[in-house]
Each structure stands twice: as structure tokens, then as C-alpha cells.
Amino acid sequence: EFRRVLFRSAEHEQSEIANARLLLRQRAILDNLPMMAWLKDTESRLEMVNEPYAKACGHSVEECIGKTDLELFPQDLAEKYIADDREVCISGKKKHIEESISTADGTKWHFTCKTPLFDELGRVVGTTGIDQDITDRKKAEEQIIDAMNYIQTILSTSPVGIGTYKASGEPVSVNEA
């Protein structure tokens, strides 16, 4: 009987070491991500966050754990984030969101991916997500659109005939002149 207890104790210790190792590896992956990342329960309480998430909230990682978005973000944003979490939990499906957020530094654009988190029985037990600042990309897209509009203005108002053609010789655009 003593050997069985000793064996179970050693088995339990090995299991705890394996779990601790797994948590350290998960933390290493999470902290290596340059974008915000998190894991929440079905009540939108944070169970895990990375450093970029905590920094965006103005708190430490430890201070974020157990809190909801209502405790970390302005109310209008927090209510939207919680509604998105609820939708993902109810639908059991991923949600991708591209949105602008007004900040003291001006408008910021974010791309967010939220995914349901399932337990071993297939029940939704929360959400996990990442959020990346895509402001620079959106600005570049705006610059491209502005440049294309500028070129279109030149083409449409030029008194000289201007055309663009594919390598095959097929016209792409030709102005009225």
C-alpha cells in the first residue's frame, strides 16, 4: 500500500511539473506576440493576457487578471468588446473585426480576431483573441486612394491624350482628349 501511495505521489508530482512547464511555454508564446492577446471566461473576465494587452490598459499583467473590459477600458468600448465576446460564445464561431477607435493621439485602427474557447466536452468556456494596431496600414491605403484619385483627375482634365495599356497592348484606361 505504501508503494502505491508513493507511486501516486510521484505521478502527481510529474503531472504538476508537466502542467507548470506547459504554462511557462504558453506564457512564453503569449509574451512573444507583438499584438495584444488574451483569454477570457464566458463572463468576459480575463484569465490570461500578454504584456501588450496590459500596456494598452495602463496596468500590469497581474492587475488585469480577473477584471472585465468595463474595469480597463472606456465604457463605450468595453460594452462593445463584451457584446462581441457574448456573440462569439453564443455562436461558437470566430469573429473578425476591423474598427476605428478615437484616442487622445487621434484615430487608431485595430483588427481583432476573437475565437471561442472550448473545453474537452466541446462546451464554450470563454474566448481568446488577438488585436493588432493597423493604423499604419490604413494610412497607407488612404494614401494610395488619394494618389489614384489625383491621377484620375489629371487624366480626366488633361488636354493631351493619355492612356495606360497592359503588356498585351490592351487598353486599361484612356482619357477623353
Side-chain angles (χ1 to χ4, degrees), residues 4-142 144:
R4 187 181 307 159
V5 170
L6 197 57
F7 179 73
R8 284 186 182 155
S9 177
E11 235 179 21
H12 181 72
E13 187 176 328
Q14 285 179 336
S15 175
E16 284 189 9
I17 290 170
N19 284 339
R21 186 175 295 144
L22 179 62
L23 282 172
L24 286 172
R25 289 178 175 166
Q26 289 172 342
R27 168 77 21 219
I29 291 170
L30 199 59
D31 287 339
N32 194 44
L33 295 172
M35 73 278 294
M36 293 170 42
W38 63 89
L39 187 138
K40 298 177 184 176
D41 65 16
T42 54
E43 300 300 314
S44 292
R45 292 208 177 281
L46 291 162
E47 294 182 351
M48 205 176 221
V49 301
N50 68 351
E51 193 63 41
Y53 186 100
K55 185 178 176 185
C57 299
H59 295 281
S60 70
V61 168
E62 294 77 20
E63 290 170 332
C64 292
I65 304 305
K67 292 192 165 103
T68 69
D69 293 323
L70 288 168
E71 299 166 271
L72 299 170
F73 293 101
Q75 185 170 350
D76 59 329
L77 292 177
E79 288 173 353
K80 184 182 178 332
Y81 299 158
I82 291 171
D84 290 337
D85 293 341
R86 194 173 306 115
E87 180 184 333
V88 169
C89 285
I90 291 169
S91 72
K93 295 185 176 157
K94 292 180 183 182
K95 182 171 185 173
H96 296 166
I97 307 148
E98 191 171 293
E99 61 191 344
S100 64
I101 300 170
S102 295
T103 70
D105 299 328
T107 299
K108 299 285 185 183
W109 282 90
H110 287 261
F111 179 69
T112 306
C113 298
K114 291 189 175 191
T115 304
L117 183 63
F118 298 96
D119 69 7
E120 62 281 354
L121 299 175
R123 297 176 297 206
V124 175
V125 294
T127 61
T128 185
I130 57 170
D131 177 282
Q132 186 160 17
D133 185 335
I134 59 168
T135 304
D136 290 341
R137 187 192 90 196
K138 293 300 264 184
K139 285 180 182 176
E141 288 172 358
E142 287 176 22
I144 290 169

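Quick caveat, the model's predicted, so the values are computed rather than measured.
- Considering only heavy atoms from C-beta on, Asp131 stays 4.5 Å or farther from Met35 through its side chain.
- Residue Glu99 qualifies as enclosed at atom CD: its count of foreign heavy atoms under 6.0 Å is above 12.
- In this structure a side-chain-to-backbone donor-acceptor pair under 3.5 Å is present from Thr128 to Trp38.
- Within the 4.5 Å cutoff, the side chain of Ile97 has heavy atoms near those of the Lys80 side chain.
- Nearest approach of Lys93 to Val88, heavy atoms of both residues: O-CG1, 3.5 Å.
- Of the possible donor and acceptor atoms, one in the side chain of Asn50 sits under 3.5 Å from a partner among the backbone N and O of Ala37.
- Rounding to the nearest 0.5 Å places SG of Cys57 at 6.0 Å from CE of Met36.
- The closest side-chain heavy-atom distance from Asp84 to Thr112 is not below 4.5 Å.
- Put simply, the side chain of Lys138 reaches to within 4.5 Å of the side chain of Glu141, judged on heavy atoms.
- Across all non-hydrogen atoms, the minimal contact from Cys64 to Ala54 is SG-CA, 3.9 Å.
- Proximity of a side-chain donor or acceptor of Lys114 to a complementary backbone N or O of Tyr81 within less than 3.5 Å is detected.
- Residues Val124 and Gly92 come closest through the heavy atom pair CG2-CA, 4.3 Å.
- Atom-to-atom distance recorded for Asp85:CG and Ser44:OG is 3.5 Å, nearest 0.5 angstrom.
- Atom CZ of residue Arg86 and atom CD of residue Glu43 lie 9.0 Å apart, to the nearest 0.5 angstrom.
- When all heavy atoms are compared, the tightest approach of Thr42 to Gly126 is CG2-N, 3.6 Å.
- For Gln75, the CD atom counts as loosely surrounded, since its 6.0 Å shell holds 12 or fewer non-hydrogen atoms of other residues, nucleotides or ligands.
- Of all the heavy atoms in Lys108 and His110, the pair that sits closest is CB-NE2, 4.0 Å.
- Looking at Thr127, its side chain never comes within 3.5 Å of a backbone N or O of Pro116 through a donor-acceptor pair.
- Ser91 OG to Glu87 CD: the interatomic distance, rounded to the nearest 0.5 Å, is 6.0 Å.
- Residue Lys95 holds its NZ atom at 12.0 Å from SG of Cys113, rounded to the nearest 0.5 Å.
- Under a 3.5 Å cut-off, the side chain of Asp69 and the backbone N or O of Leu77 do not form any donor-acceptor pair.
- Remark: the backbone N or O of Thr68 is paired with a side-chain donor or acceptor of Glu71 at under 3.5 angstrom.
- With values rounded to the nearest 0.5 angstrom, Tyr53 atom OH is found 10.0 Å from His59 atom NE2.
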Could you walk me through whether Leu39 and Leu30 pass the side chain to side chain contact (heavy atoms under 4.5 Å, CB included) test, one step at a time?
CA-CA 10 Å; Leu39 187 138; Leu30 199 59; over 6 Å; no
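- No more than 12 heavy-atom neighbours from other residues, nucleotides or ligands sit within 6.0 angstrom of NZ on Lys139.
- Note on Asp41 versus Arg45: no salt bridge recorded, every NZ/NE/NH1/NH2 to OD/OE distance being 4.0 Å or above.
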